[in-house]
Amino acid sequence: MAVGIIGYGAHIPRRRIKVEEIAKVWGADAPSYKRGLELLQKSVPALDEDTITLSVEAARSALARAGIDPQEIGAVYVGSESHPYAVKPSGATVAEAIGATPDCHCADFEFACKAGSEGMFVSYGLVKAGLIKYGLAIGGDTSQGAPGDALEYSAAAGAAAFIMGADEERIVATVDETYSFMTDTPDFWRREHQFYPSHGGRFTGEPAYFRIVTGAVAGILKKAGMTPSDFQHVIFHQPNGKFPKRIGKRLGFTPEQIETGRVVPLLGNTYSGASPIGLTAVLDVAKPGDRILMCSYGSGAGSDAFVLTVRERILEVQDLAPKTRWLLDENIRFVEYGEYAKLRRKIRLASE
Amino acid sequence: MPPSRSWRSYPQTYRLEAARCKGCGKAYYPPRLICPGCKGREFEHFRMKPSGTIVSHTVIRTPSSEFSGLAPFAVGIVEMDDGPRLTLQLADVGFEEIKTGLPVRLEFRRMYSEGESGVIHYGHKAVLVRK
Ligand SMILES: [Zn+2]
């Protein structure tokens with residue numbers, strides 16, 4: 001039985017802030033940040049946007065493409081490190097808003113930036129096991145970096161949603177193989193009640209991101225009996241513009257294979273949404289028969305990898321919801337640091 | 001607003017559920033028990049399409065306290081494609097861009113929260129269609 005993605009969608013806040021605008025405030029050298037991170041700008045959520053609102057909008061786009069009755073969704077999983085509540089599931093509000101309640105399993109996932117791909121893996125597994133008809137998996141974040149910290153240049157907001165199912169006539173991309181790779185690696189963390197995360201500086205690179213992603217990609221290629229040249233597109237977790245390019249080159253992928261799903265230069269790091277939004281950008285332009293490799297990364301640390309094959313129906317659904325490149329290129333408005341600081345609650349108001 | 005009261009209106013605030021009179025076909029949001037037009041008592045409940053047109057608009061500069069962090073913001077009356085007229089905040093827009101007759105789509109947004117520890121209220125706001 002084939003199981004795969006039957007609908008997908010992304011949502012990104014409209015506001016953007018440029019790297020220069022942040023660098024100006026902290027007296028940092030913008031060109032060296034832009035070069036070092038390969039980042040031009042990042043998305044900024046409005047005061048009325050959070051992981052739940054972005055998830056609902058992404059889910060509605062996924063539903064528009066899937067063309068199913070939301071009452072048939074048997075599981076709703078939201079993966080994020082910025083759930084609005086410490087206790088009260090984001091997924092319950094999302095399920096209520098799209099009309100999937102009450103006949104539905106629901107849980108919130110957390111694993112730094114790979115919380116979204118966890119939901120994809122679990123909902124795929126539940127559909128494959130025959131326990132549910134459709135499963136909705138969302139990765140989304142409205143992440144914060146401490147003012148002046150390197151993370152402030154990249155921490156962004158966005159979400160992507162995928163509906164897994166086994167209807168032969170609805171599948172837009174089959175999931176052919178999955179593999180996860182995980183060890184305890186303290187590269188990035190946030191303790192309870194802390195507003196901003198902490199990170200291990202350079203330790204986030206080689207022993208963390210590069211080692212784990214390499215392990216996951218080697219593992220799934222071996223399991224699937226495939227090589228890098230078998231794929232039209234590959235999407236890696238993208239905390240900045242440089243990491244996905246460097247890991248891709250090291251693993252034997254070409255820049256052409258990486259580029260379509262590397263959305264971070266115009267978007268920033270959307271954490272749990274990062275590789276999932278990259279996958280939506282690929283699906284928006286994919287052709288039937290294309291093979292796609294996606295590999296997430298979450299600090300702490302682990303990766304979930306997927307091999308997908310695109311089906312004919314992709315051509316029927318690509319135009320049924322906003323495309324990710326349109327969200328990145330056209331539906332944008334730039335803000336200055338003052339408005340950004342207000343929107344990200346870096347200024348305390350008298351009423352608070 | 002106590003959580004119990006906002007919870008009772010989730011079908012409307014979360015899913016835009018309206019009611020169409022089976023007698024005369026007029027749609028109401030929020031739903032009614034008796035149709036003011038034909039006095040009919042039978043309604044068909046349905047989910048409105050999240051699209052409409054701006055009928056009128058204004059800018060709020062001194063809102064009630066729960067919205068004070070958002071001020072100034074635009075509010076408009078939106079005629080939904082399904083008929084009912086809703087009063088909605090207009091989000092992500094420069095005030096000079098807003099014009100009567102412009103098409104909008106409704107997005108799920110945070111409305112307000114009861115301080116830092118209270119429940120968060122969600123609902124819909126209108127954004128300009130920018131295709
Ligand atoms: Zn009537």
Side-chain angles (χ1 to χ4, degrees), chain A residues 11-16 44-61 63-64 69-71 83-88 90 92-101 142 159 195 319 321-323 326-327 329-333 335 342-343 345 347-352, chain B residues 3 6-17 45-51 62-74 88-97 105-131:
Chain A
H11 192 72
I12 298 165
R14 189 161 174 252
R15 291 172 178 80
R16 301 286 184 278
V44 180
L47 283 168
D48 57 11
E49 292 178 300
D50 61 22
T51 291
I52 288 176
T53 68
L54 301 176
S55 295
V56 168
E57 290 299 319
R60 285 175 174 169
S61 288
L63 273 167
D69 178 354
Q71 280 287 305
H83 292 291
Y85 289 93
V87 178
K88 187 180 181 308
S90 300
T93 304
V94 174
E96 192 74 47
I98 63 165
T101 53
T142 54
F195 195 62
D319 291 326
K323 288 187 175 166
W326 178 80
L327 295 169
D329 295 340
E330 320 238 355
N331 192 37
I332 61 174
R333 180 167 86 76
V335 299
K342 178 187 167 192
L343 294 176
R345 298 185 169 281
I347 302 172
R348 303 306 288 181
L349 302 175
S351 58
E352 287 180 313
Chain B
S6 64
W7 174 73
R8 274 193 289 278
S9 62
Y10 281 174
Q12 286 76 51
T13 53
Y14 280 22
R15 296 190 293 272
L16 299 171
E17 285 184 18
H45 287 256
F46 72 104
R47 259 200 251 173
M48 291 190 289
K49 289 191 289 290
S51 53
T62 37
S64 53
S65 60
E66 64 263 44
F67 298 110
S68 61
L70 291 173
F73 57 85
L88 295 164
Q89 276 187 47
L90 305 172
D92 296 354
V93 66
F95 301 146
E96 73 290 348
E97 290 181 277
R105 59 182 295 273
L106 272 54
E107 279 192 7
F108 198 71
R109 296 286 175 116
R110 235 183 220 246
M111 303 312 283
Y112 63 97
S113 62
E114 313 272 353
E116 291 289 303
S117 61
V119 74
I120 305 165
H121 298 281
Y122 292 93
H124 285 84
K125 296 187 183 182
V127 298
L128 295 187
V129 173
R130 294 176 191 274
K131 278 279 166 187

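Naming: A, B, ... by sequence-line order, numbering from 1 per chain.
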Might you point out which heavy atoms bring A:Gly99 and B:Arg47 nearest each other, and give the distance in Å?
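Minimum heavy-atom separation between A:Gly99 and B:Arg47: CA-NH2, 3.6 Å.
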Kindly give the heavy-atom pair with the smallest separation between B:Gly118 and A:Tyr85, and that separation in Å.
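For B:Gly118 versus A:Tyr85, the nearest heavy atoms are O-CE2, 4.5 Å.
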Need one label for [X]: side chain, backbone, both or neither, based on atoms under 4.5 Å from any heavy atom in chain B.
X        : answer
A:Leu343 : neither
A:Glu57  : side chain
A:Pro70  : side chain

Does [X] reach the side chain of [Y], with side-chain heavy atoms less than 4.5 Å apart?
X        : Y        : value
A:Val56  : B:Tyr122 : no
B:Arg109 : A:Glu49  : yes
B:Pro50  : A:Arg60  : no

I would like to know whether A:Trp326 and B:Arg130 meet side chain to side chain contact (heavy atoms under 4.5 Å, CB included); could you show each step before the answer?
CA-CA 10 Å; A:Trp326 178 80; B:Arg130 294 176 191 274; 4.2 Å; yes
Kindly say whether A:Glu96 contributes a backbone atom to a donor-acceptor pair with the side chain of B:Arg15 at under 3.5 angstrom?
yes
Checking the side chain of B:Tyr10 only, and the main-chain atoms of A:Thr93 only, is there a donor and an acceptor separated by less than 3.5 Å?
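Answer holds: no.
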Quick check for you: among A:Asn331, A:Asp50, A:Leu47, which has the greatest number of heavy-atom pairs under 4.5 Å with chain B?
A:Asp50
For the atom pair CZ (B:Phe108) and CD1 (A:Ile52), what is the distance rounded to the nearest 0.5 Å?
7.5 Å
Per-residue contact mode, [X] against chain A (heavy atom under 4.5 angstrom):
X        : result
B:His124 : side chain
B:Val119 : both
B:Leu128 : neither

Please test A:Arg14 against B:Asp92 for salt bridge (charged side-chain N to carboxylate O under 4.0 Å, His left out), starting from the C-alpha separation and ending with a verdict.
CA-CA 7 Å; A:Arg14 189 161 174 252; B:Asp92 296 354; over 6 Å; no
Can you tell whether the side chains of B:Lys125 and A:Asp48 come within less than 4.0 Å, N to carboxylate O?
yes
